[in-house]
Protein chains: 2
Amino acid sequence: MQSYTEENYLKIIYHLSVISNPVQTNAIAEKIQTKAASVTDMLKKLSDKELVDYVKYQGVTLTEKGKLAAINIVRKHRLWEVFLVEKLNFKWDEVHDVAEELEHIKSTLLIERLDEFLEFPKVDPHGDPIPDQHGNFAAISFVKLNRLKVNDKGTITGVSEHSSPFLKHLEKLGLTLGKKIEVSEIIDFDGSVELSIDGNKINISREVAKHILISK
Amino acid sequence: MQSYTEENYLKIIYHLSVISNPVQTNAIAEKIQTKAASVTDMLKKLSDKELVDYVKYQGVTLTEKGKLAAINIVRKHRLWEVFLVEKLNFKWDEVHDVAEELEHIKSTLLIERLDEFLEFPKVDPHGDPIPDQHGNFAAISFVKLNRLKVNDKGTITGVSEHSSPFLKHLEKLGLTLGKKIEVSEIIDFDGSVELSIDGNKINISREVAKHILISK
DNA sequence: AAAAATTTTTAGATTTGTCTAAACTTATAA
DNA sequence: TTATAAGTTTAGACAAATCTAAAAATTTTT
């Protein structure tokens with residue numbers, strides 16, 4: 001069994017390893033809001049427990065065991081987010097911190113019953129896929145909104161940025177999951193994108209477009 | 001704000017202080033599964049934070065601030081228990097350990113929304129009252145089943161023992177919350193009680209009867 | 001390929017909560 | 001009222017997770 005802190009490290013390493021593998025000490029330190037020296041200490045510990053493969057100065061990779069543990073935490077986090085939004089009327093920008101705590105509750109029965117109660121959701125309120133008990137994800141295909149061409153259509157199915165200000169901004173613009181959009185113009189000057197949504201036209205910056213995931 | 005451990009101490013002191021006040025070091029040590037020396041250390045810390053009044057060798061009492069903190073944890077514990085039983089189909093003997101973890105999740109919004117979602121329950125699955133946001137309990141009156149006389153009638157409204165074996169035993173006998181019972185005989189020899197319940201007659205030991213709470 | 005910059009690790013200290021063993025208080029009994 | 005027992009506290013140590021400062025390794029630049 002892992003401690004609360006160990007679980008957080010595993011989860012962060014998991015998320016970072018999607019971007020680049022092996023994961024660097026400093027990258028972990030930044031995400032976990034701690035110092036590189038503390039990360040080194042923890043990596044040794046996780047390595048002793050065979051949750052990560054760690055080579056001094058070279059970074060870490062999750063072992064199969066570590067990866068399973070990490071995915072399990074991600075599963076719990078995302079199920080709790082669904083619960084908060086669907087059952088307790090939280091907004092999608094309010095769920096992260098609470099789910100961050102709830103994800104560490106240790107009870108297999110609890111999480112399986114919660115999954116059932118929520119009717120086995122496949123994605124969380126940000127469109128991220130929820131792995132099943134065995135750690136398998138349903139394949140979800142999407143493109144970033146900034147990659148679309150003029151006249152391309154699609155549905156908003158996710159976001160790649162989870163900060164509250166960003167999510168509130170999208171909410172205000174009506175850019176929520178499930179909404180259908182069409183690209184009406186791409187402004188050369190700044191790369192910003194003009195969209196049709198709900199019959200209106202709105203302009204969003206390239207920076208915002210980058211973090212909106214679209215499926216056909 | 002209190003740590004996870006501090007919260008546990010406050011909760012235990014609260015429960016013990018109902019039985020005898022001030023609360024003794026050893027009583028806490030036993031409940032919290034630790035050594036008296038560790039308790040002494042923690043009492044000093046809680047005293048520094050003005051959560052308890054602590055006099056060396058004399059025991060502790062919760063301050064108003066400590067009592068509010070403790071009741072808030074009890075509130076969260078009991079609301080989560082209701083959630084587990086009502087929404088996730090946990091049995092009443094399965095909820096304690098999970099609620100023990102859930103009670104430490106820090107989010108006022110979460111707990112107020114949960115309360116609303118559960119439609120403001122007044123009691124938990126064991127019949128214990130759930131304090132409101134301000135720490136007020138609804139008055140619940142009851143007598144212990146072993147105090148009833150022959151022909152006395154009443155409804156099971158609570159239990160004063162929360163162990164899984166005890167609760168499973170009651171469940172097997174059909175002695176669950178809300179059930180109406182009538183005392184048909186009290187056996188002098190061992191103090192055991194014969195009850196009518198659902199048209200059947202059953203015999204329960206005095207020890208079991210002591211922990212069943214009855215209201216008229 | 002040596003110098004400079006960046007990244008990472010080590011060494012030693014700190015905090016929280018725990019422990020054992022010994023010392024001290026209070027309560028009980030002879 | 002002294003002796004004994006029970007309960008509590010102190011002193012000193014330890015494990016987990018963190019930190020700072022300095023040393024070491026790696027990468028980048030010149």
Side-chain angles (χ1 to χ4, degrees), chain A residues 1-14 16-17 19-62 66 69-70 73 100-101 103-104 106, chain B residues 1-17 19-62 66 69-70 73 100-101 103-106:
Chain A
M1 200 80 295
Q2 292 90 46
S3 73
Y4 192 101
T5 313
E6 287 166 2
E7 286 190 348
N8 274 332
Y9 272 89
L10 292 174
K11 184 186 58 173
I12 297 290
I13 294 168
Y14 174 76
L16 289 171
S17 69
I19 302 158
S20 83
N21 205 316
V23 179
Q24 310 290 111
T25 302
N26 265 350
I28 298 168
E30 201 197 322
K31 275 275 178 192
I32 238 158
Q33 295 278 64
T34 186
K35 297 298 150 86
S38 311
V39 174
T40 300
D41 289 343
M42 183 54 84
L43 294 184
K44 283 185 197 155
K45 197 177 161 193
L46 293 174
S47 180
D48 288 347
K49 291 191 169 190
E50 304 192 330
L51 293 161
V52 299
D53 289 321
Y54 167 56
V55 183
K56 259 196 206 177
Y57 294 102
Q58 303 305 306
V60 268
T61 312
L62 291 172
I73 298 157
E100 205 80 339
E101 288 189 61
E103 73 191 7
H104 299 288
K106 290 175 194 340
Chain B
M1 201 78 299
Q2 292 90 44
S3 75
Y4 191 101
T5 312
E6 287 166 1
E7 287 191 349
N8 274 332
Y9 272 89
L10 291 175
K11 184 186 57 173
I12 297 291
I13 294 169
Y14 174 76
H15 287 310
L16 289 171
S17 69
I19 303 157
S20 82
N21 204 316
V23 179
Q24 309 290 113
T25 302
N26 265 350
I28 298 168
E30 201 198 320
K31 275 276 178 191
I32 237 158
Q33 295 277 65
T34 186
K35 298 297 150 91
S38 311
V39 174
T40 301
D41 290 342
M42 182 55 83
L43 294 184
K44 282 185 200 156
K45 196 177 161 193
L46 293 175
S47 181
D48 288 346
K49 292 191 170 191
E50 304 192 331
L51 292 160
V52 299
D53 289 320
Y54 168 55
V55 183
K56 263 195 204 180
Y57 295 102
Q58 304 305 307
V60 267
T61 312
L62 291 172
I73 297 158
E100 205 79 339
E101 289 189 60
E103 73 191 8
H104 299 288
I105 304 290
K106 290 176 196 337

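Chain letters run A, B, ... following the sequence lines, proteins first and then strands; every chain starts at 1.
- Residues A/Q24 and A/Q58 come closest through the heavy atom pair OE1-O, 4.1 Å.
- Taking a 6.0 Å sphere around CD of A/E100, one finds it holds more than 12 heavy atoms contributed by other residues, nucleotides or ligands.
- The shortest non-hydrogen separation linking A/L10 to A/A69 is CD1-CB, 3.9 Å.
- Note: CE (B/M42) to C1' (C/dT15) measures 12 Å, nearest angstrom.
- The minimum heavy-atom distance between B/A36 and B/T25, with the atom names listed, is O-CG2, 3.6 Å.
- Considering all non-hydrogen atoms of both residues, A/K11 and A/E103 come closest at NZ-OE2, 2.6 Å.
- Annotation: ring pair (Phe, Tyr, Trp, His ring centres under 6.0 Å) contacts of A/Y4 (sequence neighbours excluded): A/H104.
- One can place CG of B/L43 at 13 Å from C1' of D/dG7, the figure rounded to the nearest angstrom.
- The nearest whole Å value for the distance from the CG atom in A/N8 to the C1' atom in D/dA16 is 15 Å.
- Closest to the side chain of B/D41, out of C/dT18, D/dA11, D/dA21, is C/dT18.
- Put simply, NZ on B/K35 is 17 Å from C1' on D/dT10, counting in whole angstrom units.
- Of the candidate nucleotides C/dT18, D/dT10, D/dT18, D/dT10 has the atom lying nearest to any side-chain atom of B/A37.
- Among B/V52, B/N21, B/I13, the single residue meeting the side chain to side chain contact (heavy atoms under 4.5 Å, CB included) criterion with B/T61 is B/N21.
- Computed from coordinates, the B/E30 CD to D/dG7 C1' distance equals 13 Å when rounded to whole Å.
- Here the C1' atom of nucleotide C/dT16 and the OH atom of A/Y4 are 16 Å apart, to the nearest Å.
- The CD atom of A/Q33 sits 10 Å away from the P atom of D/dC19 (whole-angstrom rounding).
- Atom pair A/I32:CD1 and D/dC19:P shows a separation of 11 Å (rounding to whole Å applied).
- Contact annotation: B/T34 side-chain N/O to C/dC19 OP1/OP2 distance is under 4.0 Å.
- Comparing D/dT20, D/dT18, C/dT18 by their nearest atom to the side chain of A/S38 picks out D/dT18.
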Next item on the list: Summarise protein proximity over nucleotides 3-8 of chain C in one line of letters, 5' to 3': B for base, S for sugar-phosphate only, - for none, counting protein heavy atoms closer than 4.0 Å.
Entry: ----SB

